[in-house]
Amino acid sequence: IEMALKFDFNKLRTAVAGFLTGVDAKDGSALTGVDEALFIPKIQTAAVTKVVSADTTLTKADFGKVILMGANGVDITLPSCENEAGATLEIILTADYDTAVCTVVQAAASQDFFGNHYDSTAGTSGDSGATANTKITFSSASVKGDRVELLSDGTVWYVKAFGKADGAITFDN
């Protein structure tokens, strides 16, 4: 079976951070004047980011991105996670709470949030996502760098929330 492989050389070039030390392709030993050498690329992992400073509805094109969320009343609506198993998002607060909470809500009422909030003082805090939790709130205790990581199973969102203070991030109805 023959198969053609097409790819963009510019994208490949920017995805490769370098190469592991070359070895003899036949037996994996060190290179010493061999005919065939094997060089394995090291792929770089740079986060694709999006800056959000006003109320925003994300799209499926935003899956896999790190969202930098401005503070003070920014509300983010997630894209639908229905039939999107493996979809991920990370949302990071870019400033301390000042005058208004920020929220993250799902696209449909059935796409609940499940997970826990972890803080720097007590480990797991008192809030956990559960059925009918439709909103994540960065509360008045939130500070720059607090974040949520989201993963979909194609039906609901699973959440790991990290905040400096207990109660910095809550799961609400």
Side-chain angles (χ1 to χ4, degrees), residues 6-17 41-120 124-125 127-165 167-173:
K6 295 176 84 176
F7 55 90
D8 183 325
F9 281 100
N10 285 325
K11 287 182 181 174
L12 177 64
R13 178 182 51 79
T14 59
V16 175
K42 292 188 282 186
I43 303 300
Q44 56 186 341
T45 55
V48 177
T49 60
K50 179 175 185 168
V51 176
V52 173
S53 57
D55 294 356
T56 302
T57 298
L58 300 177
T59 67
K60 291 182 180 188
D62 293 316
F63 286 151
K65 291 183 179 178
V66 174
I67 309 300
L68 300 176
M69 179 173 63
N72 299 320
V74 174
D75 299 317
I76 294 176
T77 300
L78 300 176
S80 175
C81 69
E82 185 176 3
N83 301 318
E84 297 294 338
T88 62
L89 284 162
E90 182 174 9
I91 300 171
I92 302 172
L93 191 64
T94 61
D96 294 352
Y97 169 88
D98 187 23
T99 58
V101 300
C102 295
T103 64
V104 177
V105 298
Q106 81 284 44
S110 62
Q111 298 173 12
D112 298 332
F113 295 114
F114 294 90
N116 291 296
H117 170 254
Y118 301 89
D119 67 63
S120 63
T124 302
S125 78
D127 204 13
S128 297
T131 300
N133 280 167
T134 59
K135 179 172 49 174
I136 298 170
T137 301
F138 286 79
S139 75
S140 61
S142 62
V143 295
K144 182 177 185 173
D146 287 355
R147 67 192 64 216
V148 295
E149 296 175 2
L150 300 150
L151 170 68
S152 169
D153 67 357
T155 306
V156 299
W157 289 103
Y158 293 97
V159 182
K160 289 190 290 185
F162 302 91
K164 182 176 181 185
I169 299 170
T170 61
F171 301 96
D172 308 297
N173 299 339

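A 4.5 Å side-chain heavy-atom check between L89 and P79 finds at least one atom pair inside the cut-off. Residues S53 and V74 fail the side-chain proximity criterion, which asks for heavy atoms closer than 4.5 Å. Inter-residue side-chain proximity for V105 and L78 is flagged as unmet; no heavy-atom pair is nearer than 4.5 Å. Side-chain contact check for W157 versus L150: some heavy-atom pair is nearer than 4.5 Å. Between T49 and I67, the closest side-chain pair of non-hydrogen atoms is not below 4.5 Å. Counting heavy atoms from C-beta outward, F138 and V104 have side chains that approach closer than 4.5 Å. The closest side-chain heavy-atom distance from T170 to I136 is not below 4.5 Å.
Of all heavy-atom pairs spanning V52 and A54, the tightest one is CG1-O, 3.2 Å.
Between the side chain of S139 and the backbone N or O of A141, at least one donor-acceptor pair lies under 3.5 Å. Under the 3.5 Å distance criterion, the side-chain polar atoms of T94 are left unmatched by any main-chain donor or acceptor of L68. Of the possible polar contacts, none joining the D98 side chain to the A71 backbone as a donor-acceptor pair under 3.5 Å is found. When atom types are taken as modelled, the side chain of S142 and the backbone of S140 share no donor-acceptor pair closer than 3.5 angstrom.
With sequence neighbours excluded, the residues that form a side chain to side chain donor-acceptor pair (under 3.5 Å) with T137 are D172. Here K144 pairs with nothing under the side chain to side chain donor-acceptor pair (under 3.5 Å) rule; sequence neighbours left out. The ring-ring contact (aromatic ring centres under 6.0 Å, His included) search around Y97 returns none, not counting sequence neighbours.
Residues in residues 148-160 take part in these salt bridge (Lys or Arg N to Asp or Glu O under 4.0 Å) pairs, two or more places apart or across chains: E149-K160. Sorted by first then second residue, the side chain to side chain donor-acceptor pair (under 3.5 Å) pairs that include residues 71-89, not counting sequence neighbours, are K60-E84, D75-T103, S80-Q111. The salt bridge (Lys or Arg N to Asp or Glu O under 4.0 Å) pairs that include a residue from residues 62-74 are K50-D62, D62-K65, where partners are two or more places apart or lie in different chains.
A distance of 9.0 Å separates CZ of F162 from CD1 of I169, quoted to the nearest 0.5 Å. Put simply, CD1 on I76 and CD on Q106 are 13.5 Å apart, with the number rounded to the nearest 0.5 Å.
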Note to self: Evaluate L93 against V143 for side-chain contact (heavy atoms from CB on, under 4.5 Å), listing each step before the verdict.
What the structure shows: CA-CA 7 Å; L93 191 64; V143 295; 6.0 Å; no
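Test N116, V148, T134, V159 against F171 for side-chain contact (heavy atoms from CB on, under 4.5 Å) and you get one pass: V159.
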